[in-house]
Amino acid sequence: MIAVVVAQAGRGGRWKWALLIGILLLLLFRLLVYLHGEATLGGDSPGYLARAEAIVRTGRLPDLTVQPNGYSILLAPFLQGQPESTAKVVVRLQQVLDLVIVFALAWYAKNVLRGRSRLVLLAVVAALLLQPFTGTMASSVYTEQVAMFGSFIGFMLVVYGLRGRLNSARRYCLLVGAFLIGIASMLRVDVFALNLIAMMLLGVSVWLRSRSAWKAALLAFAMSLIIPLTVCGLQYLSTGEFSLAKQSTAWAGLSSWGRTLRRDRNEYTAIAVSVDATPGRGKSMAVMPPKVFASDQERQKVADLLERWKHSGYDENVDAGFAQLAKERISSDPFGFYFVNPLYRMQHFWLNRDGGQFYIVPLDLKPPLSTAVAAATLAGRLALVSLFMVGAISTIKSARILYRHSAARSSFADDFAVFSFGYVLLRTLELGVLGVFKYAALMEIRYISVAVPFALIVAIKGVEFVSRHWRVRDVRGVLIS
């Protein structure tokens, strides 16, 4: 229906208004999907809310944990007495943030694909407004949605602000963008490190292309650090600890052994989360897939360690046992541990079936509709990755021209596409490295969500590249004739 309306409008020269109406209708549909669902309160959510309650009750930040207190600071003004009521308010706000993200993506696509076939533009805008990937965490009380919004919109404003002379409008974009980046950075230590490196690389690239813009880049960099450093200062005043989070040493040996395993997402969830309920502690061999063991001897050693864990708790001997197993596996296959496993994990962040729950859960879909949505989600992921690769090639070519010829002028779309490609690459590599040295063997897919809008930006450039070499008839000729 929207396509026919747009096609008819094109005949009368009202294309822009019709496209805007179509965007608003699809945003309304996305909002209705959100309103049909409920806020989910599980996993880490109760901990975030409990720390927010402690902040309001005591006026001080609680003791540091592996999770920064930044998200709890944001939650504190929205406490409603009951956790469920607070979750509902927070989730609605996060859903609004997702609507802003998809609108920004649609606006970017409209500018990049201007002059191309209207059918292509219409299809891309509709896909961006209906895709589930930027909204998979919007209905959960987790840090991901706010971190995604702050990083994406923040860097979009900063990249725009660093173009040309620093007038009042660009200065405003720089300040607001840096503020949003600071908000995102205080939520997770890994996002803080990611945004810090991204800001530094952005500043270097600006300096290489325009020596006169380094002051503006330095200002944005400094502004982006104010909020995370302020949180660290408040933490110091509250508990004497100047940091965003505290490293956990619990189950260090088990974690080191887990990082040597190569397994899919379902196996990761089973091993990392499952607890044998009979004695009340310890993990069960029943959740250990046979393929994770290097040999029957290792399987028996793990079984013995888990049995000891059940009866005596996770003591030093259990920890040392898992640590020794990890050393043996790494020494027997160092190439697999340091190269193959990280590559497997990095691709799994992008090539997976995650996202279908965006529609399946709130709309309570059953087979065959749920199956169709899951299949469409998988097809969407494959399309995203394919178009990202095409867009990456186009973006790299554009970047080479820009940096070889300092006099060459680029558009905001080109500049932001180059930055977005670097951001996706940085985040994926960061998670790959952390999976080797710090985190569990296969981290949750939600960790990549902060980079998803940036990947969509590069994918839009991929569509632009394909449409430049593949003529598509105008939307009026296709739909009306």
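Using modelled atom types, one side-chain atom of Arg381 and one backbone atom of Asp354 make a donor-acceptor pair closer than 3.5 Å. Panel note: side chain Asn69, backbone Leu64; no donor-acceptor pair is recorded below 3.5 Å. Between the side chain of Ser45 and the backbone N or O of Val141, at least one donor-acceptor pair lies under 3.5 Å. Not a single donor-acceptor pair under 3.5 Å links the side chain of Asp319 to the backbone N or O of Asp315. Without hydrogens or angle criteria, Ser185 side chain to Phe192 main chain gives no donor-acceptor distance under 3.5 Å. Side chain of Thr428 to backbone of Leu425: no donor-acceptor contact under 3.5 angstrom is found. Checking side-chain atoms of Glu144 against main-chain N and O of Tyr447 turns up no donor-acceptor pair under 3.5 Å. Counting only distance, with no hydrogens or angles, the side chain of Asp190 and the backbone of Leu431 share no donor-acceptor pair below 3.5 Å. Without hydrogens or angle criteria, Gln357 side chain to Gly355 main chain gives a donor-acceptor distance under 3.5 Å.
Salt bridge absent: Lys246 and Asp63 never bring a charged side-chain N and a carboxylate O closer than 4.0 Å. Between Lys327 and Asp333, no side-chain nitrogen of the basic residue sits less than 4.0 Å from a carboxylate oxygen of the acidic one, so the salt-bridge criterion is not met. Using a 4.0 Å cut-off between charged side-chain N and carboxylate O, Lys301 and Glu298 make no salt bridge. Checked for salt-bridge contact, Arg30 and Asp98 meet the test: a charged N lies under 4.0 Å from a carboxylate O.
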message = Show, in sequence, the C-alpha distance, side-chain angles and deciding distance for Thr65 and Gln67, and conclude whether the side-chain hydrogen bond (donor to acceptor under 3.5 Å, both in side chains) test is met.
response = CA-CA 5 Å; Thr65 66; Gln67 297 165 334; 4.7 Å; no
ask   = Could you walk me through whether Phe349 and Arg427 pass the side chain to side chain contact (heavy atoms under 4.5 Å, CB included) check?
value = CA-CA 11 Å; Phe349 281 115; Arg427 181 57 169 174; over 6 Å; no
request  = Run the numbers on Asp304 and Gln300 for side-chain hydrogen bond (donor to acceptor under 3.5 Å, both in side chains), then give the verdict.
outcome  = CA-CA 6 Å; Asp304 294 339; Gln300 186 58 50; 3.0 Å; yes
key: Gln95 vs Ser139, side-chain hydrogen bond (donor to acceptor under 3.5 Å, both in side chains): CA-CA, chis, key distance, verdict   = CA-CA 7 Å; Gln95 290 165 350; Ser139 298; 3.1 Å; yes
task = Determine, step by step, whether Arg188 and Asp44 satisfy the salt bridge (charged side-chain N to carboxylate O under 4.0 Å, His left out) criterion, reporting the C-alpha distance in whole Å, the side-chain angles of both residues, the deciding distance to 0.1 Å, and the verdict.
result = CA-CA 13 Å; Arg188 297 184 60 93; Asp44 297 333; over 6 Å; no
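Scanning all heavy atoms of the two residues, the minimum distance from Tyr359 to Leu130 falls at OH-O, 2.5 Å. Nearest heavy atom pair, residue Ala374 against residue Ile360, reads N-CD1, 4.5 Å. For the pair Pro342 and Val436, the tightest heavy-atom approach, listed with the atom from each and the gap, is CG-CG2, 3.3 Å. The minimum heavy-atom distance between Glu430 and Leu194, with the atom names listed, is OE1-CB, 3.6 Å.
With sequence neighbours excluded, the residues satisfying ring pair (Phe, Tyr, Trp, His ring centres under 6.0 Å) with Phe416 are Phe152, Phe412.
Counted by atom type alone, Thr134 and Gln131 present one or more donor-acceptor pairs between their side chains at under 3.5 Å. Looking only at atom types and distance, the side chain of Glu241 has no donor-acceptor partner in the side chain of Ser243 under 3.5 Å away. Side chains of Arg60 and Ser238: no donor on one and acceptor on the other come within 3.5 Å. Under 3.5 Å, the side chains of Ser151 and Asn195 contain a donor-acceptor pair of N or O atoms.
Between Trp309 and Tyr314, the ring planes are perpendicular. Angles over 60° get that label, and only those under 30° would be called parallel. Using cut-offs of 30° and 60° for the angle between ring planes, the Phe419 and Tyr423 rings count as tilted.
Rounded to the nearest 0.5 Å, atoms CD1 (Ile55) and CG (Leu234) are 9.5 Å apart.
For Phe103, the CZ atom counts as loosely surrounded, since its 6.0 Å shell holds 12 or fewer non-hydrogen atoms of other residues, nucleotides or ligands.
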Enumerate donor-acceptor pairs with a distance under 3.5 Å from any side-chain N or O in residues 385-394 to protein atoms, sequence neighbours excluded.
residue : atom : partner : partner atom : Å
Ser386  : OG   : Leu382  : O            : 2.8

For residues 74-90, run the donor-acceptor check on the side chains, cut-off 3.5 Å, and write out each pair with its distance to 0.1 Å, sequence neighbours left out.
residue : atom : partner : partner atom : Å
Gln80   : NE2  : Phe78   : O            : 3.2
Thr86   : OG1  : Gln80   : N            : 2.8
Thr86   : OG1  : Gln82   : O            : 3.3

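A cation-pi arrangement is absent between Arg51 and Tyr71, since the terminal nitrogen or guanidinium carbon is not both under 6.0 Å from the aromatic centre and inside a 45° cone about the axis.
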